There are 2 protein chains.
Amino acid sequence: MPVTVLLVDDEPLVRAGLRAVLEAQPDIEVVGEAADGASVIPLVRRLRPDVVAMDVRMPLLDGIEATRALLRTVDEPPRILVVTTFENDEYVYEALRAGADGFLLKRARPAEIVHAVRLIAEGESLLFPASVRQLAAEYGDDGGNRAARAAMERAQLTEREGEVLRLMARGLSNAEIAARLVVGTETVKSHVSAVLAKLGARDRTQAVIAAYESGFVAPG
Amino acid sequence: MPVTVLLVDDEPLVRAGLRAVLEAQPDIEVVGEAADGASVIPLVRRLRPDVVAMDVRMPLLDGIEATRALLRTVDEPPRILVVTTFENDEYVYEALRAGADGFLLKRARPAEIVHAVRLIAEGESLLFPASVRQLAAEYGDDGGNRAARAAMERAQLTEREGEVLRLMARGLSNAEIAARLVVGTETVKSHVSAVLAKLGARDRTQAVIAAYESGFVAPG
DNA sequence: GATCGTCTCCCCCGTGCGGGGGAGGCTCGT
DNA sequence: ACGAGCCTCCCCCGCACGGGGGAGACGATC
């Protein structure tokens, strides 16, 4: 059975584009569309899609609130893929925090969009804004430093959060990080939580993966 | 204050070599030597070293038993760095399982030995047999495939364990891995535990780091 | 002076994780 | 036929982890 998708975006053009891209796949079926966040809940109840591809910025009810509403009011809620125009959209982090499962740039290539929908449908998380990896590619992966710095800015990690992520990527526990930074473990937990939210990671392992994949830390 | 080290090895030559290498560092001090595992406990009680560099294969009491004994009978036990001649020494995994904090090949370069002692003293774990990284370097890092395969053999991961590690390195939880492999979560836990033990990793995060560092999985 | 962001620390709470055991079935090699 | 290794699943258990809140202190910015 195919993956069923509900498209939610205020721009018809975007909906049409997504539909075209997704319907080209034999295993993906677009079962409905909505133009604002408020229409989503009843549509989801009726259509029961596997995945909701949802814009963050919409009239009536934005993607964040719609995500919260879905997860709160619908049992067995669909997986939620947040779609956005802007690379550095803080609303996206809000949405991820609200329970969205993934992140997608509208300018992504069709193959990436399809890939994202499939991954989400499989129950996995897109753990890092695709933009970051793109960014690393754009910079030609010159060894990681420029790309890492840019990725940092993209994810808007503070200096302290960056330190913590680096230590996480060396395998340290919260307690060890606390000792190293000479602060309390509760403080470290705060920073770790902030890092996870900003990277869209579910746990420290995913955060470390993101650190490697983005070039924020380099292997070897 | 310097890092104090106790050397435990049945070969005087090895002890002398370690002493020479370590004493060359201003911040490291060798405070004692022992030729067998049985002598270790009283020496540790008296000298209270920060780090014990211990051979695995020794007369009277081997490194594994000595490690267990130390951790069981001494309060505030020292950090334990396991030293071995053979790259693929299953005794080492036993020792790590018994509570040793790190792993070191006798043929390692002086700088690596010093680095290992410092890391251990800082309270961190050497999470992956240094041999694996060396190995990756030996193979010239040809993209990771040959090195990864060799690293696999080095760590003696079974096929299933390799699959599990790969999924861990994609950020999947135990439950997600179980779903993916169509087995129970308890089974996945078994495999994960095996992977952690074989890699000398403390948790899945360290295992994933090891996977990246060894080239077992490639970023990008 | 007020506001914002960062860093620091605190509470409660559920649960996924990992260690410690064990055990049965399977294939393979001898 | 037997053991070895692997895969599978089970038990109990403690704890680090991560989410959800909140709050005070400081500096920069407005």
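Each chain gets a letter, A, B and so on, in the order the sequences are listed, and its residues count up from 1. Small disclaimer: the values here were computed from a predicted structure and weren't measured.
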- Query: Rounded to whole angstrom units, what separation is found between the CD atom of A:Glu163 and the P atom of C:dT6?
  - Reply: 14 Å
- OP1 or OP2 of C:dT6 sitting under 4.0 Å from any side-chain N/O of A:Thr158? no
- Query: Of the nucleotides C:dC17, C:dC9, D:dC7, which one has an atom closest to the side chain of A:Thr187?
  - Reply: C:dC9
- Over how many whole Å does the gap from A:Glu186 atom CD to D:dG22 atom P extend? 16 Å
- Item | side-chain contact (heavy atoms from CB on, under 4.5 Å) partner of A:Pro78, the single match among A:Leu47, A:Val44, A:Val5, A:Val40 | A:Val44
- Query: Would you say D:dT8 has OP1 or OP2 under 4.0 Å from some side-chain N or O of B:His191?
  - Reply: yes
- Task: Check if the side chain of A:Ser190 and the base of C:dC9 share a donor-acceptor pair of N or O atoms closer than 3.5 Å.
- Result: yes
- Return the value, rounded to whole Å, for the distance between atom NZ of B:Lys189 and atom C1' of C:dC17. 7 Å
- Given atom CG of A:Asp203 and atom C1' of D:dG19, what is their separation to the nearest angstrom? 13 Å
- Query: Once you round to the nearest 0.5 Å, how far does CE of A:Met54 lie from CG of A:Asp36?
  - Reply: 11.5 Å
- Query: Taking the side chain of B:Val192 as heavy atoms from C-beta outward, which of C:dG18, D:dG19, D:dT8 is closest to it?
  - Reply: C:dG18
- Message: In this structure, how many angstroms lie between the P atom of C:dG18 and the CD atom of B:Glu161, rounded?
- Response: 15 Å
- Task: Determine: side-chain N/O of A:Ser193 to OP1/OP2 of D:dG19, distance under 4.0 Å, yes or no.
- Result: yes
- Task: State whether A:Arg166 and A:Glu163 are salt-bridged, where the test is any N-O pair (Lys NZ or Arg NE/NH1/NH2 against Asp/Glu carboxylate O) under 4.0 Å.
- Result: no
- Selection from C:dG19, D:dT8, C:dC9 that lies nearest to any side-chain heavy atom of B:Val183: D:dT8
- Message: Any side-chain N or O of B:Arg204 below 4.0 angstrom from OP1/OP2 of D:dC17?
- Response: no
- Query: Does B:Glu161 reach the main-chain N or O of B:Leu157 with its side chain, forming a donor-acceptor pair under 3.5 Å?
  - Reply: no
- Task: Give a yes or no on whether the backbone of B:Val117 and the side-chain of B:Arg79 come within a donor-acceptor separation of less than 3.5 Å.
- Result: no
- Query: Taking CZ from B:Arg202 and P from C:dG16, how many angstroms apart are they, rounded to a whole number?
  - Reply: 21 Å
- Item | Atom pair distance, as rounded to whole Å: CD in B:Gln206 and P in D:dC17 | 11 Å
- Message: Distance check needed: D:dC6 P versus B:Glu159 CD, whole Å only.
- Response: 11 Å
- Task: Check whether any side-chain nitrogen or oxygen of A:Asn174 sits under 4.0 Å from OP1 or OP2 of D:dA16, and answer yes or no.
- Result: no
